[in-house]
Amino acid sequence: MANTFLPPAQLTDFDAKPALYHAWDQKMADMFNSAKFDEAGKDVRPAFYNPLNPPKSVSPQTATPSWGGYPKILTELYPGDIITGSSKIDSPVTFGTLDGERVTFEPFLDKQGKAMAAQRYRAQDEYLEWVVNRDQHDNVNEIQFTCEGPEYWETIATDGTFLQQMYQSIVVSVPVPVGDLYFSEPCTWVDRNSVDANGKPLTRRFVVGDYNPFNKWNLGWAVHLTHPANHLDAEVNLAASASLRFTRETQPVRTNPALTCCQGIGEPNRSSDPNIAEQVNIHALSGNYVTLRNPVGLYILSIDATRFKYPDGKSINNFSRYFQPIRMSSDGSMIVRAALRIPAGETYNGSPLVLSQLQVDNKPIVSGGQVAATITMGLFAQVIPGAPSQKGTECSLKPCPDPQFPSVIVPIRVDKPCPGHAGLEVIEAASAVKNVPTLLTFRGRHRARVR
Amino acid sequence: MSDASSIDPQLEPILPVDEIQGNILGGFNKDHQGLIALSFSDSADMNLVKKWLRGFGSKITPLSEVRQFKQRRKQMLALDGIELLDRDSTWKAIAFSFRALSKLTSDANLFVSSSFRNGLPASSQMLGDSTTPGDRGELSTWVIGGTNNVPDILCIIAGDNADLVAEDVDHTIHSAADCGLFSTYHEIGHDLSFYDKNDKRKGHEHFGFKDGISQPGIRGRVDETHFLTERSVPPPDDTAAPTYAQPGQPLVAVGSFVLGYAKQNPTFASQPDVVDPLAPAPNAVAPVWARNGSFLVFRRLNQDVPAFNNFLNDQASLLKEQGVSQTQLGALFVGRWKSGAPLARTPRTDLPKLGKIAPGNNAFLYNLGLRVQDGFPDSTPDFDGRRCPVTGHIRKVNPRDLPTDQGGSNATLTRRILRRGIPFGPPLPDGALSDESNESRGLLFLSYQRSIEDGFEFLATTWMNARGNPQAILGVAEGFDMLVGANGQQADRQRMCFVPVGGTSVHIPSGSLKSADWIYPTGGGYFFAPSIPTLINVIAA
């Protein structure tokens with residue numbers, strides 16, 4: 001067993017900068033500590049443990065909650081129409097505007113308090129993000145996928161030269177100026193996924209020289225995750241929070257949608273978070289300790305090659321020549337970056353083969369979401385028997401159906417009625433974006449604000 | 001009778017029981033069912049074709065008739081212990097391919113389902129079928145629905161009298177031929193008890209397992225005060241939770257099976273979801289006349305009984321020290337004993353009496369467990385699959401109250417389909433290790449659903465054929481559906497699973513022999529089963 005936290009997928013980038021191994025170990029240790037203990041040092045998640053410090057010396061079981069890479073919310077908003085759904089999220093969107101998942105995040109504000117158009121993210125919220133590249137005819141010729149947490153790249157960014165080298169190894173064709181990777185002017189951002197000790201949304205202040213995870217090279221080359229809720233920190237906190245025993249009016253709350261909403265332990269409208277939360281909760285309530293396996297990460301587990309065909313409908317026998325894992329563990333079981341592309345010069349029936357000519361689910365590839373829907377994502381959770389029983393934690397929120405989309409969840413305080421058709425009660429929309437129909441977002445690690 | 005008078009009409013709509021085909025929501029469930037595939041050429045006289053369709057359409061059995069008969073049968077069974085049979089008539093159903101509807105109507109192009117439009121052959125690879133020419137399961141080997149052999153129409157003729165069904169099948173083929181419709185395939189499936197008059201085989205499939213036990217309850221009413229599916233379980237206080245008709249049988253929105261109604265809500269299980277719009281509404285999924293119709297999937301699945309039994313024997317001999325029998329290993333693959341008794345309730349030994357009683361043989365949950373108090377052991381929480389393996393067929397295709405890759409546990413309800421299959425071919429003796437007869441046998445798999453992609457195809461590709469879905473614990477509880485699943489991703493098509501044996505988990509490889517695909521397709525098709533008025537007034541008009 002490793003005695004330090006390993007980089008996701010046991011990547012070996014830090015071999016070039018060994019000090020970063022220690023920095024990563026420290027970052028992850030802090031993450032686990034803050035997930036398990038409150039500010040006074042009290043263990044508030046007794047069934048959750050640091051994988052480097054297991055409560056018992058027994059071999060843990062490894063559960064692998066899995067989910068599809070295509071955002072579930074889009075299957076509710078655009079049922080049966082993956083191409084339209086994909087078209088809403090294939091390109092990055094600016095903070096402060098309504099995204100394809102009908103969510104508005106706060107805009108970044110410059111030092112004058114004005115919304116900045118430069119900061120964008122990918123509205124792809126199942127811990128898998130992608131970039132679609134097109135040729136001069138607008139045909140898809142490459143799709144890059146990433147599920148690398150931003151925290152890893154923040155660690156790399158403590159060394160500007162190394163960061164530039166790492167970006168350059170991905171952005172091969174164009175020089176990447178190191179200055180592009182850091183904020184060049186101060187700005188602030190209200191992160192309503194996270195709250196401070198007083199329950200207020202965290203205001204993040206960036207100064208010149210801070211790493212900018214939303215830099216244009218990341219957005220153009222899918223270097224790491226950008227969605228405000230796609231964090232390793234969110235993964236750790238989700239697992240920790242879900243290890244609690246929840247109740248509502250003393251009755252157990254064990255299943256979704258109530259479980260994920262109960263204390264805001266994840267985004268209930270995803271495939272991923274409810275599955276992870278419910279699986280972790282089942283293990284914890286069965287008397288087990290739970291944690292995430294070291295190395296902690298979010299991974300591409302597989303892609304369903306049988307859903308792809310050549311332009312004439314014939315099967316592709318060697319799909320691995322097109323879908324190429326790029327950054328992964330040595331055994332290939334943990335993929336964090338991959339690309340779908342046709343090798344240069346490849347022809348089919350005598351003509352140059354373009355990626356957009358391949359079919360997925362019997363339709364030509366026109367978007368990244370079509371391919372994301374064939375990808376299975378997952379994480380590795382570990383379970384050790386013998387955890388003490390817990391007292392119940394009373395839920396503060398309950399799930400309500402959105403009046404317009406009745407399968408979409410709106411978490412509401414338990415003492416308030418579910419919203420009717422007359423008015424949807426949601427987390428406050430971005431202050432700079434008035435009168436925008438905003439579905440409640442309820443992402444990331446901490447409690448969301450509700451009215 | 002249940003009181004359905006104060007129910008949300010969106011959640012429990014009053015169904016036009018005289019318009020919906022009886023096999024969709026009622027299920028013929030007859031011991032003898034004939035399938036007839038018909039086609040017509042581009043130059044066929046459409047007036048004649050439509051004339052025949054009007055004639056056959058007038059004989060389609062509506063839901064009302066099926067329901068009334070089943071109620072009478074139930075009453076008689078309860079009163080006299082006599083099973084009511086109707087030896088004097090047959091029941092009929094019909095469904096059309098996309099090509100046929102395109103020829104027979106002006107607006108079939110409003111169907112957006114690409115799987116339906118492209119047909120089963122286009123999905124064959126995705127379903128894990130072999131693509132190597134000539135291999136078992138590959139399209140060119142199919143007796144119907146394969147390469148250049150896709151039928152336009154599928155007729156189903158069912159009855160309690162085998163001779164009458166055969167007679168009706170013959171008559172139908174001849175009458176169709178007179179109108180320019182030629183039969184490309186016909187076959188009569190029989191309950192296996194038909195062949196040797198062995199009642200022990202009744203309701204069982206060729207590997208010997210009782211089949212068709214778990215069907216979802218269907219929401220909706222037949223009139224103001226009566227539900228289509230009767231209910232014995234009170235509804236939950238929390239409308240986000242599933243409602244059960246019987247213990248272990250959740251209610252699923254009728255819109256999951258028939259177009260034009262609110263779909264099953266994947267989140268708030270006892271509240272209605274939206275209705276898939278029909279033309280001319282924006283984003284319509286189908287023409288307006290598709291209301292009260294359903295998509296029908298037909299797969300002719302051959303079963304290689306000796307291959308399956310030999311595999312079980314070989315593997316069981318390797319597990320002899322752990323005390324695993326061939327019978328038990330088969331049960332672990334299925335999730336039930338041959339009697340139908342679920343492993344979730346009796347993981348170590350078969351309880352044939354439990355297999356026979358309904359709803360007891362379906363009264364179990366994997367996550368929370370279920371107390372039934374029917375004199376048999378209860379199902380207890382079994383998240384890690386120590387009782388019923390996570391790879392067991394019935395758990396793969398219906399994870400019940402488990403969270404899955406689709407999100408929370410309620411999402412599984414949206415994946416339910418209505419299975420209406422029947423075996424074909426004569427059975428071999430139980431446990432047969434060889435077959436001198438050279439006859440083919442298997443299952444005429446039929447399922448109705450709102451969406452082929454979200455129903456049948458999802459179950460096959462995302463759950464049965466996937467090692468890690470809907471649930472996995474590495475090296476302990478993961479793998480393929482070893483009964484029906486396929487691995488089209490690898491050239492050797494090898495599958496594997498872990499099964500719980502004596503407190504540990506054992507890895508079982510399928511082997512890479514072609515015979516390891518002991519269930520493989522030899523035919524099929526994707527169809528749409530319209531309402532009876534649509535058949536008469538639109539398709540045949």
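Chain A is the first sequence line, chain B the second, and so forth, proteins listed ahead of strands; every chain is numbered from 1.
Taking chain A as the reference chain and counting heavy-atom pairs below 4.5 Å, the highest number among B:Ser114, B:Ser409, B:Ser115 is found for B:Ser409. Chosen from A:Asn275, A:Asn256, A:Thr255, the residue pairing most often with chain B at heavy-atom distances under 4.5 Å is A:Asn275. For the set B:Thr404, B:Thr461, B:Asn118, B:Asn465, the count of heavy-atom pairs under 4.5 angstrom toward chain A peaks at B:Thr404. Heavy-atom pairs under 4.5 Å with chain B were tallied for A:Pro399, A:Gly68, A:Ala381, A:Gly378; the largest tally goes to A:Pro399.
Taking each heavy atom of B:Ser123 and A:Asn362 in turn, the nearest pair found is OG-ND2, 3.8 Å. Among all heavy-atom pairs drawn from B:Ser505 and B:Val476, the shortest one is OG-O, 2.8 Å. When all heavy atoms are compared, the tightest approach of B:Phe116 to B:Ser97 is CZ-C, 3.8 Å.
Interface remark: A:Asp361 contributes backbone and side-chain atoms alike to the contact with chain B (heavy atom separation under 4.5 Å). Contact annotation for B:Ser113: neither backbone nor side-chain heavy atoms come within less than 4.5 Å of a heavy atom of chain A. For a residue to count as touching a neighbouring chain, one of its non-hydrogen atoms must lie under 4.5 Å from one of that chain's; by this rule B:Pro381 does not touch chain A. Within the 4.5 angstrom heavy-atom criterion, only side-chain atoms of A:Arg293, from C-beta onward, approach chain B. For B:Gln125, the parts sitting under 4.5 Å from any heavy atom of chain A are the backbone and the side chain alike. Both the backbone and the side chain of B:Val274 have a heavy atom closer than 4.5 Å to some heavy atom of chain A. Heavy atoms of B:Leu368 lying under 4.5 Å from chain A belong exclusively to its side chain. Residue A:Gln359: no heavy atom, backbone or side chain, is found under 4.5 Å from chain B. Looking at B:Thr239, there are no atoms closer than 4.5 Å to chain A (heavy atoms on both sides), in backbone or side chain.
Disulfide check for A:Cys395/A:Cys261 fails, with the SG atoms at least 2.5 Å apart.
Counted by atom type alone, A:Glu76 and A:Ser407 present one or more donor-acceptor pairs between their side chains at under 3.5 Å. Using a 3.5 Å distance cut-off with no hydrogens or angles, the side chains of A:Asp304 and A:Thr306 do pair a donor with an acceptor.
Both tests do not hold together for A:Arg307 against A:Phe319: distance to the six-membered ring centre under 6.0 Å, angle to the ring axis within 45°.
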Check the pair A:Leu128 / A:Ile375 against side chain to side chain contact (heavy atoms under 4.5 Å, CB included), numbers first and verdict last.
CA-CA 9 Å; A:Leu128 176 70; A:Ile375 290 176; 4.0 Å; yes
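Checked for salt-bridge contact, B:Asp454 and B:Arg450 meet the test: a charged N lies under 4.0 Å from a carboxylate O.
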